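Input: a single structure, listed below in structure tokens.
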Amino acid sequence: MKFFIDTANLDQIREAQDLGVLDGVTTNPSLMAKEGISGDNAVKAHYKAICNIVDGDVSAEVIATDFDGIVREGESLAELHDNIVVKVPMIRDGVKAIRYFSDRGIRTNCTLVFSPGQALLAAKAGATYVSPFIGRIDDISSDGLQLIEKMRLIYDNYGFESQILAASVRHTMHVIECAEIGADVMTGPLSAILGLLNHPLTDIGLEKFLADHRGSK
Ligand code: G3P
């Protein structure tokens, strides 16, 4: 399973990259706003800065919601760097634009996916990545992981090449469960990735090894 980090914070991206397990980055307009990045030029410069840190796919989201606007923005984002993946919302014109991009070799990430039907449509349109928002589904007392299971089944039934990008991952158990179910990619906060390190028996065991090593001198 690929690990993407879901942030526009350059320090956190560097930290995840330094760990040696990072395969890419996802961002969205909210994450950009959180870092105080606004305006076309600043946003584009920030995407370039991210691409210079990570050697992997970087999702850059369009703001337009009409076909012509999505195509215009997407083409301009894709020109920024070879690793840019154009992130397009799951709306009618978005699906149309995903097909347009796919036919021209521009890679896409279909975002805001909340149902198996939407996931099927995104795959039919040729999306490179399809992003179910599992945390937000959990937030409304439903089961985000079940959506991943259904997507896995549908994509495997027909050999769709779209990759399931589990998004809105909130914590470490989400990461593990996504891996068990067979998500192709998960994108989450740095804390969810670092949480994978933790086990009390590792800490206790290491402490004892080091104490024994000191004692045997
Ligand atoms: O990857 C999608 C993500 O940014 C949304 O996460 O936590 O706002 O639901 P969240």
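When reading the values below, keep in mind they use all heavy atoms of this one structure, side chains included, and skip hydrogens, waters and symmetry mates. The structure displayed is predicted, hence computed values, not measured ones.
Contact annotation: the side chain of V58 never approaches that of F4 to less than 4.5 Å [non-hydrogen atoms, C-beta and beyond]. A 4.5 Å side-chain heavy-atom check between K150 and Y155 finds every atom pair outside the cut-off. Counting only heavy atoms from C-beta outward, the side chains of P132 and I148 approach each other to under 4.5 Å. Side chains of M1 and C178 form a contact here, defined as non-hydrogen atoms less than 4.5 Å apart. With contacts defined as side-chain heavy-atom distances shorter than 4.5 Å, the pair I193/L19 qualifies. When side chains are defined from C-beta on, I84 counts as touching C51, because their heavy atoms get closer than 4.5 Å. Counting heavy atoms from C-beta on, the side chains of L147 and I137 come closer than 4.5 Å. Side-chain contact between R152 and I164 is present, with at least one heavy-atom pair separated by less than 4.5 Å.
Across every non-hydrogen atom of G69 and A64, the tightest pair is C-CB, 3.4 Å. Nearest heavy-atom pair across G126 and T108 is O-OG1, 4.3 Å. Here the shortest heavy-atom pairing between H174 and G135 reads CE1-CA, 4.1 Å. Considering all non-hydrogen atoms of both residues, I98 and A122 come closest at CG2-O, 4.5 Å. Pairing each heavy atom of V86 with each of G74, the nearest pair is CG2-O, 3.4 Å. The minimum heavy-atom distance linking A127 with C110 is given by the pair CB-CB, 4.2 Å.
Criterion: ILVMFWY side-chain heavy atoms under 4.5 Å apart, direct or through other members. Under it, F3 and L190 are part of a common hydrophobic cluster. Residues V25 and V169 fall within the same hydrophobic cluster, defined by Ile, Leu, Val, Met, Phe, Trp and Tyr side chains chained together at heavy-atom separations under 4.5 Å. Using a 4.5 Å cut-off between side-chain heavy atoms of Ile, Leu, Val, Met, Phe, Trp and Tyr, with links allowed through other members, I50 and V185 fall into different hydrophobic clusters. Taking hydrophobic clusters as Ile, Leu, Val, Met, Phe, Trp and Tyr residues chained together by side-chain heavy-atom distances below 4.5 Å, M173 shares a cluster with F133. L22 and I176 fall within the same hydrophobic cluster, defined by Ile, Leu, Val, Met, Phe, Trp and Tyr side-chain heavy atoms under 4.5 Å apart, directly or through other members.
To the nearest 0.5 Å, atoms CG (D40) and OG (S76) are separated by 7.5 Å. Rounding to the nearest 0.5 Å gives a distance of 9.0 Å between CG of D57 and CG of D23. We find the CD-OG distance between E161 and S102 to be 10.0 Å, quoted to the nearest 0.5 Å. In this structure, S162 OG and I154 CD1 are separated by 11.5 Å, a value rounded to the nearest 0.5 Å. Rounding to the nearest 0.5 angstrom, the gap separating the CE atom in M186 from the OG atom in S131 is 12.5 Å. With rounding to the nearest 0.5 angstrom, the CG atom of L112 is 10.0 Å from the OG atom of S168.
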I181 vs L145, test: side-chain contact (heavy atoms from CB on, under 4.5 Å). Steps then yes/no. CA-CA 8 Å; I181 292 171; L145 290 164; 3.7 Å; yes

What verdict does the side-chain contact (heavy atoms from CB on, under 4.5 Å) test give for Y100 and E75, after you've listed the backbone C-alpha separation in whole Å, the side-chain angles of each residue and the deciding distance to 0.1 Å? CA-CA 11 Å; Y100 173 94; E75 284 179 335; 2.8 Å; yes

Report the C-alpha separation of L120 and Y158 in whole Å, then their side-chain angles, then the decisive distance to 0.1 Å, and conclude whether the side-chain contact (heavy atoms from CB on, under 4.5 Å) test is met. CA-CA 10 Å; L120 177 58; Y158 299 101; 5.5 Å; no

Decide salt bridge (charged side-chain N to carboxylate O under 4.0 Å, His left out) for K96 and D66; before the verdict, give the C-alpha distance in whole Å, the side-chain angles of both, and the deciding distance to 0.1 Å. CA-CA 10 Å; K96 218 171 124 182; D66 64 293; over 6 Å; no

Test V88 against I70 for side-chain contact (heavy atoms from CB on, under 4.5 Å), laying out the working first. CA-CA 8 Å; V88 180; I70 295 173; 4.1 Å; yes

Does the salt bridge (charged side-chain N to carboxylate O under 4.0 Å, His left out) test come out yes or no for D184 and K2, once each step is laid out? CA-CA 6 Å; D184 299 294; K2 291 186 204 165; over 6 Å; no

Which pairs would a plain distance check flag for residues 5-17, meaning a side-chain donor or acceptor within less than 3.5 Å of a matching protein atom at least two apart in sequence or in another chain?
| from | atom 1 | to | atom 2 | distance (Å) |
| --- | --- | --- | --- | --- |
| D6 | OD1 | T26 | OG1 | 2.7 |
| T7 | OG1 | N9 | N | 2.9 |
| N9 | OD1 | D11 | N | 3.0 |
| N9 | OD1 | Q12 | N | 2.8 |
| N9 | ND2 | E35 | OE1 | 3.2 |
| D11 | OD1 | R14 | NH1 | 3.1 |

Considering only distance and modelled atom types, tabulate donor-acceptor pairs under 3.5 Å from the side chains of residues 197-210, sequence neighbours left out.
| from | atom 1 | to | atom 2 | distance (Å) |
| --- | --- | --- | --- | --- |
| H199 | ND1 | L201 | N | 3.0 |
| K208 | NZ | D212 | OD1 | 3.4 |
| K208 | NZ | D212 | OD2 | 2.8 |

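Within 6.0 Å of the CZ atom in R92, the count of heavy atoms belonging to other residues, nucleotides or ligands does not exceed 12. With a 6.0 Å radius and a threshold of 12 heavy atoms from other residues, nucleotides or ligands, N157 has its CG atom above the threshold.
Residue pairs satisfying the salt bridge (Lys or Arg N to Asp or Glu O under 4.0 Å) criterion with at least one member in residues 167-176, sequence neighbours excluded, are listed as follows: D139-R170.
Using a 3.5 Å distance cut-off with no hydrogens or angles, the side chains of T27 and K87 do not pair a donor with an acceptor. When only modelled atom types and interatomic distance are considered, E61 and Y47 share no side-chain donor-acceptor pair under 3.5 Å.
Between the side chain of T172 and the backbone N or O of A192 there is at least one donor-acceptor pair closer than 3.5 Å. Looking only at distances, a side-chain donor or acceptor of E73 sits under 3.5 Å from a matching main-chain atom of I63.
The side-chain tip of R99 does not point at the ring of F101 from less than 6.0 angstrom away and within 45° of straight on.
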